[in-house]
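Can you keep this structure in mind? I'll have questions shortly.
Numbers restart at 1 for each chain; the letters A, B, ... are given by sequence-line order, proteins then strands.
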Number of protein chains: 4
Amino acid sequence: MIRVGVIGYGYWGPNIVRNFMANDRAEVVTVCDKSQDALTNVRKIYPGIHVTNDADDIFSSTKIDAVAIITPVSTHFDMAKQALLNGKHVFVEKPLTATVAQAEELLELAEAKNLKIVVDHTFLFTGSVNKIKGLVDSGTLGKLYYYDSMRVNLGLLQSDINVIWDLAPHDLSIMDYIIKEKPVAFAATGKAHLNNMENIAYITAYFNNDMIAHFNLNWLSPVKIRLTLIGGEKKMVVWDDVVPDEKIKVYDKGVEVKSTKGIRNLLVSYRSGDLWVPKVEQTEALQLVVEGFVEYILNDVTPINDGHAGLRIVKMLEACNKSIENEGQMIQL
Amino acid sequence: MIRVGVIGYGYWGPNIVRNFMANDRAEVVTVCDKSQDALTNVRKIYPGIHVTNDADDIFSSTKIDAVAIITPVSTHFDMAKQALLNGKHVFVEKPLTATVAQAEELLELAEAKNLKIVVDHTFLFTGSVNKIKGLVDSGTLGKLYYYDSMRVNLGLLQSDINVIWDLAPHDLSIMDYIIKEKPVAFAATGKAHLNNMENIAYITAYFNNDMIAHFNLNWLSPVKIRLTLIGGEKKMVVWDDVVPDEKIKVYDKGVEVKSTKGIRNLLVSYRSGDLWVPKVEQTEALQLVVEGFVEYILNDVTPINDGHAGLRIVKMLEACNKSIENEGQMIQL
Amino acid sequence: MIRVGVIGYGYWGPNIVRNFMANDRAEVVTVCDKSQDALTNVRKIYPGIHVTNDADDIFSSTKIDAVAIITPVSTHFDMAKQALLNGKHVFVEKPLTATVAQAEELLELAEAKNLKIVVDHTFLFTGSVNKIKGLVDSGTLGKLYYYDSMRVNLGLLQSDINVIWDLAPHDLSIMDYIIKEKPVAFAATGKAHLNNMENIAYITAYFNNDMIAHFNLNWLSPVKIRLTLIGGEKKMVVWDDVVPDEKIKVYDKGVEVKSTKGIRNLLVSYRSGDLWVPKVEQTEALQLVVEGFVEYILNDVTPINDGHAGLRIVKMLEACNKSIENEGQMIQL
Amino acid sequence: MIRVGVIGYGYWGPNIVRNFMANDRAEVVTVCDKSQDALTNVRKIYPGIHVTNDADDIFSSTKIDAVAIITPVSTHFDMAKQALLNGKHVFVEKPLTATVAQAEELLELAEAKNLKIVVDHTFLFTGSVNKIKGLVDSGTLGKLYYYDSMRVNLGLLQSDINVIWDLAPHDLSIMDYIIKEKPVAFAATGKAHLNNMENIAYITAYFNNDMIAHFNLNWLSPVKIRLTLIGGEKKMVVWDDVVPDEKIKVYDKGVEVKSTKGIRNLLVSYRSGDLWVPKVEQTEALQLVVEGFVEYILNDVTPINDGHAGLRIVKMLEACNKSIENEGQMIQL
C-alpha cells in the first residue's frame with residue numbers, strides 16, 4: 001500500500017485525492033493546504049485523512065512513501081526536491097518544473113536515490129488520445145502532414161506562468177506521445193494583455209521531416225474550444241474534446257497532385273469518402289495516471305509520463321518562451 | 001450603363017457575370033475564357049452575351065467600359081495593365097496582384113488615366129462583417145485585444161500561389177476594414193506538402209498597441225472551418241461563418257486583473273453575462289461589390305475595396321511570404 | 001425534345017424552369033404566372049421563353065407536350081385535369097391534389113388518355129434518401145422499429161392547406177419509398193393558432209407489424225430542424241438534413257432484453273459501437289426528378305414518384321386531417 | 001438536524017446521499033440496499049453511515065426523521081406508506097406512485113399524520129427551468145402557443161414501467177411548473193419493441209385555450225436529445241439541455257396573419273430579430289431539492305414539488321397509459 005501525502009487542495013487537488021483513495025494499492029494519509037477552508041472540506045469528506053498547513057509535516061513523515069505536488073509551477077522544484085531528499089517518490093502536476101535546469105536536477109536526484117517521478121500529463125491516459133495514437137501507430141493515417149491544435153477558453157489566469165506553460169503541456173505531451181518524430185525547433189508569438197504574462201500565444205513546432213505542428217492557446221476566449229486536426233496522407237483526424245460524444249472523427253479525405261505543369265494545368269485528385277467515428281473508452285484518465293504511478297513504484301514499470309517525458313515538455317516550453325522574447329524567432333531545441 | 005467585359009469564367013466568373021447582369025446600371029457584353037465548354041455555358045444562359053477566347057477582343061473593344069479580371073493571380077497585373085492602357089476601368093479578383101511593385105504600378109497608371117480599380121474583397125460587403133464593424137466602431141467591444149481567425153478546408157489548390165495568397169486576402173481585408181489600427185509587422189510559418197507552394201500556414205500580425213492578430217490557413221483540412229474570435233475589453237465576438245444562422249455571437253465575458261501580488265494572490269474578476277446574437281443582413285455581398293464599382297465609376301464614390309485597399313493587402317501578403325522564407329522572422333511592413 | 005409549359009413562377013417555379021432548361025431532352029416554351037413581376041423576371045433570364053398570365057394559353061397550345069403545375073394545392077386538380085384533357089403530360093407540385101377523389105379521377109383520366117403524371121416528391125431523389133434506402137434494403141439496419149421525423153421552421157404559411165399538407169408530403173413520401181411495409185392507420189393531433197389551418201401537428205402512423213412512425217410538423221418554430229431518427233434492430237440512423245455535411249450517421253447501437261423476471265432482474269444488453277457517416281451524392285435532386293419525368297414520357301420508364309405514389313400520399317394526408325377532426329382518433333387507411 | 005434513512009443506492013441513490021450529507025441541516029444515518037456491493041461502496045466513502053439490507057431497520061428506527069425512497073416505482077407506495085405509518089417524512093423518487101389511487105392514499109395519510117411528502121422532480125430546480133419560468137411569468141413570451149419536448153436516448157430500460165413513466169415525469173412536471181393553465185386531456189401513442197413496456201411513445205396534451213403540448217419519448221434512440229421548443233406570440237424559446245453552455249435561446253421571431261382573403265392573398269408578416277441567450281445559474285439542482293425538503297419539514301414552507309405536485313403528474317401519466325391502451329383516444333383528466 002503506497003501511502004501518499006498530497007500538497008495542494010485547490011482546483012485539481014480534490015481529484016488527485018479522490019483517485020488515490022479509490023486505488024486499491026494506495027491511500028492518502030495527509031493533505032496539506034494553506035487554506036483552512038480547503039482542509040475543512042477534506043475532513044468532511046475523508047474523516048480518516050490527516051490535514052496540515054505545513055508541507056514539512058509531509059516531507060518529514062516516516063509514514064509517507066510518495067508526495068503528490070498539486071501546487072503552482074514555481075513551487076514544483078523546491079517541493080519535489082524536498083520530497084526526493086526525504087526519500088519519497090514524486091507525483092507532480094504538469095509542467096514538471098519552471099526551467100529545464102530544475103527538471104534535470106530533479107531527474108538526477110531521483111536516479112541517484114532510486115526514486116520515481118511522474119508528471120500528471122493526464123490527457124495521455126484518455127481514451128481519445130489512445131485511440132488517435134492507435135490510428136497513427138497502425139499507419140491508418142499514413143505519413144503525417146500536420147498536427148494543429150486549438151485550446152482556448154476563459155481561463156483561470158495563473159500569476160507565475162503564461163498561457164503557454166499552463167495550457168501547452170497538454171498538447172505538447174499529447175504530440176510527444178502520439179508522434180514518433182520529435183520536434184527540432186519552435187517559434188512562438190503572443191501577447192500579454194492583463195499583466196506581464198502572455199494570455200494569448202501561438203506556437204509552431206518544426207520537425208526534420210514534412211511535419212508541422214501548431215498550437216493556438218488563449219485564456220481570454222469567450223468560448224471553450226479544444227480542437228485538434230491531424231492531417232495524414234491517407235486519412236485525417238478531427239478531435240473535438242468539448243463535445244460529449246463523437247469526439248474523434250476519421251476522414252477519408254485527401255489531395256494528390258498529379259502534375260504541376262503551367263498555371264492552369266495543376267492536376268489534382270481530391271479524395272472524399274466515408275467518415276468513421278470510432279468508439280472511445282470512457283475510463284477516467286486520472287485513475288489510470290494514479291495506477292501507473294503505483295505500478296511504477298511497486299513494479300518498476302516505467303509509465304509514459306515519467307520524469308523524462310516531463311523534461312522533454314519543459315524543454316519545449318522553454319524554447320517557446322525564448323522565441324516570444326525574440327519576436328518569434330525560430331529556436332532550436 | 002457600364003458595359004463590362006469579363007475575363008475568366010471558371011469557378012467564380014459565373015457569379016461575377018450574374019451580378020453584373022442583375023445590376024441596373026451595368027451589363028456584361030463580352031465573356032472571355034480559354035475553355036470552349038465555359039463559353040458554351042455562357043451562351044446557353046445568356047444568349048445575348050458575346051463570347052471569345054481572346055482577351056484582346058475585350059481590351060480593344062470600343063464598346064467596353066470596364067474589365068472584370070477573374071483569372072489566376074499571376075495574370076492579374078498584365079491583364080489589368082492592358083485594360084488600363086486601353087482606357088478601361090478594372091475590377092479584379094483578390095488579391096490585386098502578385099507583388100507590391102505591380103500593385104503600385106497599376107495604381108499609378110489608373111490615377112494618371114483617371115480610371116478606377118476595385119478589388120473583389122467580397123467579404124467586406126457581407127452582413128456579418130458589417131455587423132462586426134459596427135460593434136467595433138461603436139465601442140461595444142471596448143479596446144481590442146486580439147483578432148484570431150481560422151479558415152481551413154479541403155481546398156482548391158492553386159498552382160501559382162500558396163495558401164496564404166489564396167485564403168488570407170479574405171481575412172486580412174476584413175481585419176483591415178474592421179480595425180482602425182494598422183498592423184506594423186508580420187511573422188508567418190508554414191509548410192508545403194504537395195508541391196512547392198505552402199498548403200498550410202500560420203500568420204501573426206503585430207500592431208503598435210496591445211492588439212495581436214493571427215490567421216490559421218489550411219488547404220488540407222478534412223473539415224471546413226471559418227471561425228473568427230475577436231477579443232475586446234468589454235465584449236467578445238465569435239463569428240462562425242460556416243453555420244447557416246446565428247453566425248455572430250457577442251459575449252459579455254471578460255477578465256479583469258485586480259492585483260498581482262504574489263503567486264497565490266492574483267486577484268482576478270471574471271465577467272460572464274448574457275450572450276447576444278444580432279440579426280445579420282442576408283443580401284448577397286457580390287451584388288454590393290458590383291454596385292460599389294458602378295457607383296465608383298459613375299459618381300466617383302470611392303468604395304472600401306479600391307486599389308489602395310488592394311495594395312495594403314498585397315503588402316501584408318508579401319511580408320508573410322518573406323517571413324516564411326526567413327524561418328518565421330518578424331518582417332516590418 | 002419535350003416542350004414544357006410551366007404554370008406558377010413563385011417560390012419554387014424558378015427551380016423547375018431552371019432544371020427543365022438544363023435537361024438535354026426538354027425545354028420550357030411558356031411560363032404562366034398572374035404576377036407581372038414574375039413574368040418580367042422570366043424574360044430577363046430567359047429571353048427565349050414565351051410568358052403569359054393566362055393558363056389557357058398553355059393548355060391550348062399545340063406546341064406544348066407537358067405541363068408543370070407549380071401552384072397552390074387547391075388549384076392542382078383543375079389545372080391537371082385541363083392539361084390531361086388537352087393531351088398533355090402532367091408534372092405537379094406535391095401534394096398531387098387536395099382530396100383522394102380528385103387524385104383518383106386524375107389517375108383514371110391519365111390512364112384513359114395514355115398520359116403520364118408525376119408528382120414532385122423531390123426528396124426521393126436526394127443522395128441522403130437513397131443512401132438510407134440502401135441501408136434499409138440491404139438489411140443493414142435489421143428489422144425496423146421506428147421512423148421518427150421532425151420538420152419544423154418559421155414556415156411560409158399557406159392559406160389553402162394546413163401544415164400537414166404542406167410539410168408531411170416530404171416525410172410521408174420518403175417513408176413510403178424507404179419502407180416496404182405500408183402504414184395501415186394514422187392518428188394526428190394539432191392546433192391552428194393563426195387562422196383556421198393547423199400550423200402545428202403531430203402524426204402517428206401504425207403498421208401491421210412492430211413499426212411505428214411519427215412526424216412532428218410546425219410552421220411556428222423559431223429554428224429550422226429537419227431531423228429523422230430510424231431505429232432498427234441492428235443499426236440506427238440519424239439523418240440531419242439541416243447541416244451541410246455529415247447528414248447521415250449510422251450508429252451501431254442497440255438494446256437486447258435477455259430476461260425479464262422480476263423488477264430488479266431485467267437483464268438488458270446494450271450495444272454501443274463505432275459510428276459511420278457514409279458519403280452522400282450531391283447531385284441536385286430536382287434535376288433527377290425532371291430527368292425521370294422525361295424518361296417516363298419518352299421511354300415509359302415508371303418513376304418512383306408517379307401518380308400512384310402521389311395518390312398514396314394524399315390518402316395518408318386525408319386520414320391525418322380526419323383524425324385531427326376526431327380528436328386524434330385512429331383512422332384506418 | 002434532519003436524520004435521513006435512504007433506501008436504494010443504485011444509479012441515483014449516491015447523488016441523494018451526497019446532497020443530504022452536504023446539507024447543513026440534514027445528515028444520512030442509514031443506507032439500505034439489497035446489493036452488498038452498494039453497501040460496501042457506501043461504507044468506503046462514508047464510514048460514519050450505518051448500512052443495512054433490510055428497509056425495516058429504517059422504518060422502525062427512532063433515530064430517523066425522514067426516509068428517502070430511491071427504488072423502482074412499483075415499490076414506492078408500500079415503502080412510502082410504511083414510512084408515513086412510522087411517523088417519518090417522505091422524499092420519493094419520481095414518479096410519486098404507480099397509480100393515482102396510491103398517490104391519493106399517501107397524501108391523505110401524510111395530512112392525517114402531519115407529515116411531509118416531496119417528490120424528486122429535480123428539473124424544477126435547475127437554472128434553465130427557472131430562467132424559462134421567469135420568461136413566461138414576466139410575459140416576455142406573450143401568449144403561449146405550444147410546448148414541444150423531445151427526450152430520447154439509449155435509455156436504461158425499466159422493467160416495471162414504460163418509457164412514459166420513466167421520462168415524461170421530467171417534462172410533465174416542468175410544464176406543470178412553467179405554465180399556469182393546466183392540461184385537460186391527453187392523447188398518447190407508442191410501441192413496445194423489446195418487452196411488453198412501451199419503449200417509444202408520443203404524448204399530446206390539450207388545454208382549454210390555444211395551447212398544445214407534445215412529448216416525444218424514446219429509450220431506443222442512438223443519440224441523446226433533450227430539446228424543448230416553446231412558442232409564444234411575442235418570443236420563442238429553444239432549450240437544448242444536452243449542450244454544456246448556451247442551453248436557452250430566446251428568439252424574437254413570429255408570424256402575424258394580417259388578412260386571409262383568397263388563396264393567393266394570405267397576408268402574413270414575419271418577424272425575425274435578434275437572438276438572446278440568457279446566462280443560467282449553475283447550482284446543482286438536487287442540492288436545492290434537498291434544501292426544499294428540509295425547509296418543508298423544519299419551517300413548513302411548501303415546496304413546488306410537494307405531494308400534490310406529484311399527484312398531478314401521476315394523473316397525467318395514468319391518462320397517457322389509458323390513451324395508449326385505447327389507440328390514441330383523447331382521455332380527459
Side-chain angles (χ1 to χ4, degrees), chain C residues 34 72 74-75 145-146 148 150 152 154-160 185 187 189-191 193-196 199-200 202 204 206 210-212 214 216 218-223 225 227 229 231 236-238 249 251 253-257 260 262-266 268 270 272 275 323 327-330, chain D residues 34 72 74-75 145-146 148 150 152 154-160 185 187 189-191 193-196 199-200 202 204 206 210-212 214 216 218-223 225 227 229 231 236-238 249 251 253-257 260 262-266 268 270 272 275 323 327-330:
Chain C
K34 301 222 162 159
S74 52
T75 68
Y145 288 147
Y146 63 83
D148 188 329
M150 184 169 191
V152 308
L154 198 66
L156 293 171
L157 269 68
Q158 311 283 322
S159 61
D160 60 340
T189 58
K191 202 86 189 176
H193 291 111
L194 302 173
N195 53 12
N196 60 337
N199 51 267
I200 185 167
Y202 305 97
T204 300
Y206 295 91
D210 250 11
M211 262 288 296
I212 186 169
H214 187 268
N216 179 333
N218 189 346
W219 269 338
L220 275 193
S221 165
V223 285
I225 300 176
L227 186 68
L229 311 185
M236 300 188 186
V237 166
V238 175
K249 298 182 172 176
Y251 288 86
K253 287 197 176 176
V255 177
E256 199 180 338
V257 173
T260 59
I263 290 173
R264 289 266 185 154
N265 299 315
L266 182 64
V268 176
Y270 294 89
S272 180
L275 158 63
S323 178
E327 301 186 330
Q329 195 189 311
M330 183 193 287
Chain D
K34 301 222 161 156
S74 52
T75 68
Y145 289 148
Y146 63 83
D148 188 329
M150 185 171 191
V152 308
L154 198 66
L156 292 169
L157 268 68
Q158 311 284 321
S159 62
D160 60 340
T189 59
K191 202 86 189 176
H193 291 113
L194 303 173
N195 53 10
N196 60 337
N199 50 268
I200 186 167
Y202 305 97
T204 300
Y206 295 91
D210 250 10
M211 261 289 296
I212 185 168
H214 188 267
N216 178 334
N218 188 346
W219 269 337
L220 276 192
S221 165
V223 284
I225 300 175
L227 186 68
L229 311 186
M236 300 188 184
V237 166
V238 174
K249 296 181 174 177
Y251 289 85
K253 287 197 176 177
V255 177
E256 199 180 337
V257 172
T260 58
I263 290 173
R264 288 265 184 155
N265 299 315
L266 182 64
V268 175
Y270 295 89
S272 181
L275 158 63
S323 178
E327 301 187 331
Q329 193 189 313
M330 183 194 288

Problem - Partners passing salt bridge (charged side-chain N to carboxylate O under 4.0 Å, His left out) against K253(D) (at least two apart in sequence or in another chain) - result: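 For K253(D) there are no salt bridge (charged side-chain N to carboxylate O under 4.0 Å, His left out) partners, ignoring immediate neighbours.
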
Exercise for the section: Tell me, out of V223(C), V152(C), N196(C), who's got the most heavy-atom pairs with chain D below 4.5 Å. Expected result: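 It is V223(C).
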
Handout entry: Close side-chain approach of T189(D) and Y206(C), heavy atoms under 4.5 Å
Key =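 Yes - at least one pair of side-chain heavy atoms lies under 4.5 Å apart.
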
Problem - N218(C)-D148(D) side chain donor-acceptor pair, cut-off 3.5 Å - result: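 There is no such pair between these side chains.
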
Practice task
Quick one: sort the H214(C) and Y202(D) rings into parallel, tilted or perpendicular, breaks at 30° and 60°.
Solution key: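 The arrangement is parallel - the two ring planes meet at less than 30°.
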
Handout entry: L194(C) CG to E256(D) CD distance, which is reported to the nearest 0.5 Å
Key =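 With rounding to 0.5 Å, CG (L194(C)) is 9.0 Å from CD (E256(D)).
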
Problem - Top of L154(C), L229(C), V237(C), L275(C) for chain D proximity - count of heavy-atom pairs under 4.5 angstrom - result: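 Heavy-atom pair counts peak at L154(C).
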
Practice task
Sort out for me which of G231(C), S323(C), S221(C) touches chain D most, counting heavy-atom pairs under 4.5 Å.
Solution key: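 Result: the option with the highest number of such pairs is S221(C).
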
Exercise for the section: State the CD1-CG distance between I200(D) and D210(C), to the nearest 0.5 angstrom. Expected result: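 Rounded to the nearest 0.5 Å, the CD1-CG separation comes out at 11.0 Å.
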
Problem - Stepwise side chain to side chain contact (heavy atoms under 4.5 Å, CB included) test for L227(C) and I225(D) - result: CA-CA 11 Å; L227(C) 186 68; I225(D) 300 175; 3.6 Å; yes

Handout entry: N216(C) portion near chain D, given a 4.5 angstrom heavy-atom threshold
Key =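 Side chain of N216(C) only, per the 4.5 Å heavy-atom cut-off to chain D.
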
Practice task
Give a yes or no on whether the backbone of G155(C) and the side-chain of Y270(D) come within a donor-acceptor separation of less than 3.5 Å.
Solution key: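 A pair under 3.5 Å: yes.
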
Practice task
Without swapping roles, check the side chain of Y146(C) against the backbone of L220(D) for a donor-acceptor pair under 3.5 Å.
Solution key: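 It does hold such a pair.
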
Problem - OG1 on T204(C) to CD on E327(D), rounded to 0.5 Å - result: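 One gets 12.0 Å once the value is rounded to the nearest 0.5 Å.
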
Practice task
Under 4.5 Å heavy-atom distance to chain D, tell me which part of M150(C) shows up: side chain, backbone, both or neither.
Solution key: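 For M150(C), the side chain is the part near chain D, not the backbone.
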
Handout entry: Most chain D-contacting option - heavy-atom pairs closer than 4.5 Å, from M211(C), K249(C), Q329(C), M330(C)
Key =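 Option with the top pair count is M330(C).
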
Handout entry: For chain C, the option from A187(D), G254(D), A185(D) that forms the most heavy-atom pairs under 4.5 Å
Key =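 Greatest number of close heavy-atom pairs with chain C: G254(D).
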
Handout entry: Heavy-atom contact with chain D under 4.5 Å, split by part of V238(C)
Key =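 Answer is side chain: those atoms of V238(C) sit under 4.5 Å from chain D.
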
Exercise for the section: Test H193(D) against I212(C) for side chain to side chain contact (heavy atoms under 4.5 Å, CB included), laying out the working first. Expected result: CA-CA 10 Å; H193(D) 291 113; I212(C) 186 169; 4.3 Å; yes

Handout entry: Sequence-distant partners of Y251(C), ring pair (Phe, Tyr, Trp, His ring centres under 6.0 Å), two or more places apart
Key =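 Y251(C) satisfies ring pair (Phe, Tyr, Trp, His ring centres under 6.0 Å) with no other residue.
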
